[in-house]
Amino acid sequence: MLDHPSRVSSDNDIALQKFGVGQPVRRKEDDTLVRGKGTYTDDISLPGQAYAWIVRSTHAHGIIKGIDVEAARAMPGVLGVWTGKDLAAAGYNPFTVGLPMKNRDGSPLLQTNRLPLMTDKVRFVGDPVAFVVAETLAQARDAGEAVVVDIEPLPSVTSAEDAAKPGAPLLYDHIPSNVVLDYHAGDDAALDAAFARAAHVTRLDIVNTRLAVVAMEPRAALASYDKKSQRFTIEIPTQGVAGNRTSLAKTLNVPNDKVHLRTHHVGGSFGMKNANYPEYICILHAARELGRAVKWTDERSTSFLSDSHGRAQDVHCELALAADGAFLGVRVRGFGNLGAYITGVAPLPLSLNIAKNINSVYRMPLIGVDIKCVLTNTTLMGAYRGAGRPEANYFMERLIDRAAEEMGIDRLAMRKRNFIKPAQIPYAAANGLTYDSGDFPGVFSKAVEQADVAGFAKRRKESRKRGKLRGIAVGSYLEITAPPSAELGKIVFEADGTVRLITGTLDYGQGHATPFAQVLAAQLGVPFDAIKLTQGDSDIVHTGNGTGGSRSITASGAAIVASSRLVIEKGKRAAAHVLEASEGDMEFANGRFTIAGTDRGIGIMELAAKLRNSKMPEGVPSSLDVDHTVQGVPSTFPNGCHVAEVEVDPDTGNVQIVRYSGVNDFGTVVNPMIVAGQIHGGVAQGIGQALMECVTYDDNGQPVTGSFMDYALPRAGDIPSMTLGSHPSPATSNPLGTKGCGEAGCAGSLATIVNAVLDALSDEGVTSIDMPLTSEKVWRAIQDGRKAKKSA
């Protein structure tokens, strides 16, 4: 019997209003995660599993003279001990970078060809040299401590600039001056001419501090091997199973179908877990050798050593301006610290992404970026939330505030003078990309009004009465999201009445299940609560580029829309047969197929069940299921303007963020509650870098910041209440009009916080300061500024 048409239409309308695009629907997974019912990698166990312990170098640089494992092998419970020679004999491929990046002379970047366990040298403290597998973790740890590693120490270098100097210790014989990539972008002759005719040039040296990722969940892995099928299975926390499966298969030197990768809940990644690591190859090797499952879970202290780090740049920035403050060109030159090995996408955030994002929201006729990506005796570098986008925006906003001060032009007026105007969009930027949408002056004006910038003078006066220095900064940002790529949108109508949505992105904290269900419910009218999301199984997710670069809602959203259209096409053919009508007369709306001009119809869920339980004639779809991949979903251009106010205690140097607000343009917002959460988290990480976080090494390459005793993270009390506004200009490059929001909080917060502190310190003679703005650093800057004023 067919659905009653009027009742179904009314119910669907109500459901779409409640769960549709734009509604602040609570996350589906919150109950599971908040109640501790989630499944992280370390929660998973297999019968008879053994445990691995990684033996790491305590030297920053040295020649491996020998590794004695005999005592370890003889210890209770030990099942095996392996070194680099053992893994080299297994024929595994080295870790390499697949990015088609070239040096300024056109030659390709140089590879470090890292092996799962190195056989010649160690190149940073924490470099894995051997591993032990035993019946228990305690036995594996004890045996690991019994492994004797003979290393002949070599001089080390931790600064990228120092590593590129003549005579610096070389990490590899085939990489001169330790420079893996000498990146160049821009027209030097045109830039030279622009700087020559400039009325003013602002110059600024900036340190972009190295950060440890410290995700909530440390890395972990559980590996097994099926001898009959010769197939590896591994459970690891990742940012996408399809790409990481391919990467693992390449390193293992086996076809893709011989690797099964599964990811369950992931406690944060921020770029760090979207890469292959030696530990995974080690335990996969042991699982095949031993014929039993092997588990490894990192500890926080070794995570500081072995997880990829982020940021780490030393740059010299220059901005050329006309007499009226119009921008003529910008240059960024300097060094990016790759650490000891180049893997994953490491050079990208240090070089290319700077060039892509330095334009920001401004009419910038010319850009020039020259970055040497250099190897040092430190932990390897990777992507970190934003991966070059926050850095580029930070450089630009620091330059603008300094230029305004030097030229005697109001900071806000200088920005207004240089914004790309709505009438100029689509705008061909100097980075080679075309901005398709945006109202940058409108976002800025709304942010200034929302933050009550006009009332700041009164608030500063009140702070002075209490002996505090108050500062404010207004900063715009624009990000280029991940480059065009393919994405999977698979829809399966299950026998239990649920609808399975399968996508190639992966939720590692963002909350994909809810907004993706909102999009699918809006497209097909299927019940919101019936939609189940699958992302973490490489046997099911055959295609996809994972989550990163704020691409998920745009890429998966486009895939969901395209796949939904195919479902509707199939549904019209099937409904025409069921309703004994012409396919051309079939219409679809609000989850229901109807014959045009009549009230006869069938709901999509009923139709799916009918097709499943009946044999259809030739030419009629046997199901509504769709397995579709969209190609080349374009980048988008999320942007915004953030405003920070700080108070500084001149007696202690302590910085407190007392007001924070922002207006953002994320195009179509599918779920404003989740977007707000992403902004809060991004700003919190920006606060961490701006005020407290910094990975530090001593002169011998030993890490000084190896635990939470040494490495500060922001706590709840450090995060201010935030006022957030929206001024959307939907993207024209994807069917939903979305732009992505995951990294915007970092991009908007770094410069506004640092510039606000500099504004507060301006009366004390402080003109420049580098992150992190710790109490000691700020206090010393105040003392130095006062001395300079007295001696002037």
Side-chain angles (χ1 to χ4, degrees), residues 21-22 327 353 355-365 367 386 389-390 392-393 396 415-416 418-448 450 475-485 487 515 518-519 522 549-562 630-642 662-672 674-676 678-679 682 724-745 747-748:
V21 170
F327 300 156
N353 280 359
K356 287 174 64 176
N357 291 272
I358 195 69
N359 279 82
S360 188
V361 295
Y362 304 108
R363 297 189 307 278
M364 185 65 68
I367 63 169
R389 300 169 185 88
N393 284 282
M396 179 55 67
R415 287 173 169 84
K416 290 179 181 179
N418 287 283
F419 280 134
I420 299 164
K421 299 175 182 178
Q424 296 172 308
I425 292 178
Y427 179 81
N431 58 16
L433 299 173
T434 299
Y435 299 172
D436 70 300
S437 58
D439 176 11
F440 311 135
V443 168
F444 179 83
S445 297
K446 191 170 182 178
V448 169
Q450 175 183 273
S476 295
Y477 73 90
L478 180 141
E479 301 182 284
I480 317 299
T481 60
S485 56
E487 197 50 67
Q518 289 176 260
V519 173
S550 297
R551 70 182 297 272
S552 291
I553 192 60
T554 298
S556 285
I560 293 168
V561 171
V630 294
Q631 301 295 330
V633 181
S635 299
T636 60
F637 306 96
N639 61 90
C641 179
H642 288 200
V663 173
N664 304 284
D665 170 13
F666 301 134
T668 300
V669 173
V670 175
N671 189 314
I674 289 178
V675 166
Q678 287 293 301
I679 295 296
L724 300 179
S726 179
H727 189 77
S729 297
T732 62
S733 56
N734 67 81
L736 291 176
T738 57
K739 292 185 176 180
C741 69
E743 297 154 321

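In what follows, residues are counted from 1 in the order of the sequence shown. All values reported here derive from a predicted model rather than from experimental measurement.
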Check the pair S360, F440 against side chain to side chain contact (heavy atoms under 4.5 Å, CB included), reporting the backbone distance first and the verdict last. CA-CA 10 Å; S360 188; F440 311 135; over 6 Å; no
- prompt: Are Y435 and L478 close enough, and set up right, to give a side chain to side chain contact (heavy atoms under 4.5 Å, CB included), and what steps lead you there?
  reply: CA-CA 10 Å; Y435 299 172; L478 180 141; 3.7 Å; yes
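In this structure S485 satisfies the side chain to side chain donor-acceptor pair (under 3.5 Å) test together with R551, sequence neighbours excluded. In terms of the ring pair (Phe, Tyr, Trp, His ring centres under 6.0 Å) criterion, residue partners of Y477 (sequence neighbours excluded) are, by chain and number, H642. Every residue two or more places apart in sequence or in another chain that forms a side-chain contact (heavy atoms from CB on, under 4.5 Å) with P672 is listed here: P24, V669. Under the side-chain contact (heavy atoms from CB on, under 4.5 Å) criterion, S726 pairs with P728, not counting sequence neighbours. Looking at residues two or more places apart in sequence or on another chain, you find no side chain to side chain donor-acceptor pair (under 3.5 Å) involving Y427. For P730, the side-chain contact (heavy atoms from CB on, under 4.5 Å) partners at least two apart in sequence or on another chain are T668. In terms of the side chain to side chain donor-acceptor pair (under 3.5 Å) criterion, N357 has no residue partners (sequence neighbours excluded). The salt bridge (charged side-chain N to carboxylate O under 4.0 Å, His left out) test applied to R415 returns E397, D401, not counting sequence neighbours. Not counting sequence neighbours, the partners of T481 by the side chain to side chain donor-acceptor pair (under 3.5 Å) test are T636. Judged as a side-chain contact (heavy atoms from CB on, under 4.5 Å), and not counting sequence neighbours, the contacts of P422 are D439, P441.
Listed here is the closest heavy atom pair of V361 and F419: CG2-CE2, 3.5 Å. Closest heavy-atom contact between V633 and A555: CG1-CA, 3.9 Å. Closest approach of A429 to N359, counting heavy atoms only: CB-ND2, 3.8 Å. Of all non-hydrogen atoms in V630 and A562, the two that sit nearest each other are CG1-CB, 3.5 Å. The two residues A731 and T738 come nearest to each other via the heavy atoms CB-O, 3.5 Å. Across P634 and T554, no two heavy atoms sit closer than the pair O-CG2, 4.2 Å.
Separation of atoms CZ (F637) and CD (E479) is listed at 12.0 Å; rounding is to 0.5 Å. Put simply, CD1 on I553 and SG on C741 are 9.0 Å apart, with the number rounded to the nearest 0.5 Å. Taking OG from S476 and NZ from K416, the interatomic distance works out to 11.5 Å, rounded to the nearest 0.5 Å. Put simply, CE on M364 and CE on M396 are 3.5 Å apart, with the number rounded to the nearest 0.5 Å. Once rounded to the nearest 0.5 Å, the distance linking NE2 of H727 with OG of S445 reads 8.5 Å.
Identified under the salt bridge (charged side-chain N to carboxylate O under 4.0 Å, His left out) test for residues 727-745, with sequence neighbours left out: R389-E743, D665-K739.
Between S635 and L433 the shortest side-chain heavy-atom distance does not fall below 4.5 Å. Counting only heavy atoms from C-beta outward, the side chains of F666 and I679 approach each other to under 4.5 Å.
A distance-only check finds a donor-acceptor pair linking the side chain of N431 to the backbone of K356 [under 3.5 Å]. Put simply, the side chain of N734 never gets that close to the backbone of A558: no donor and acceptor are under 3.5 Å apart. With Q518 contributing its side chain and V670 its backbone, the two residues share a donor-acceptor pair below 3.5 Å.
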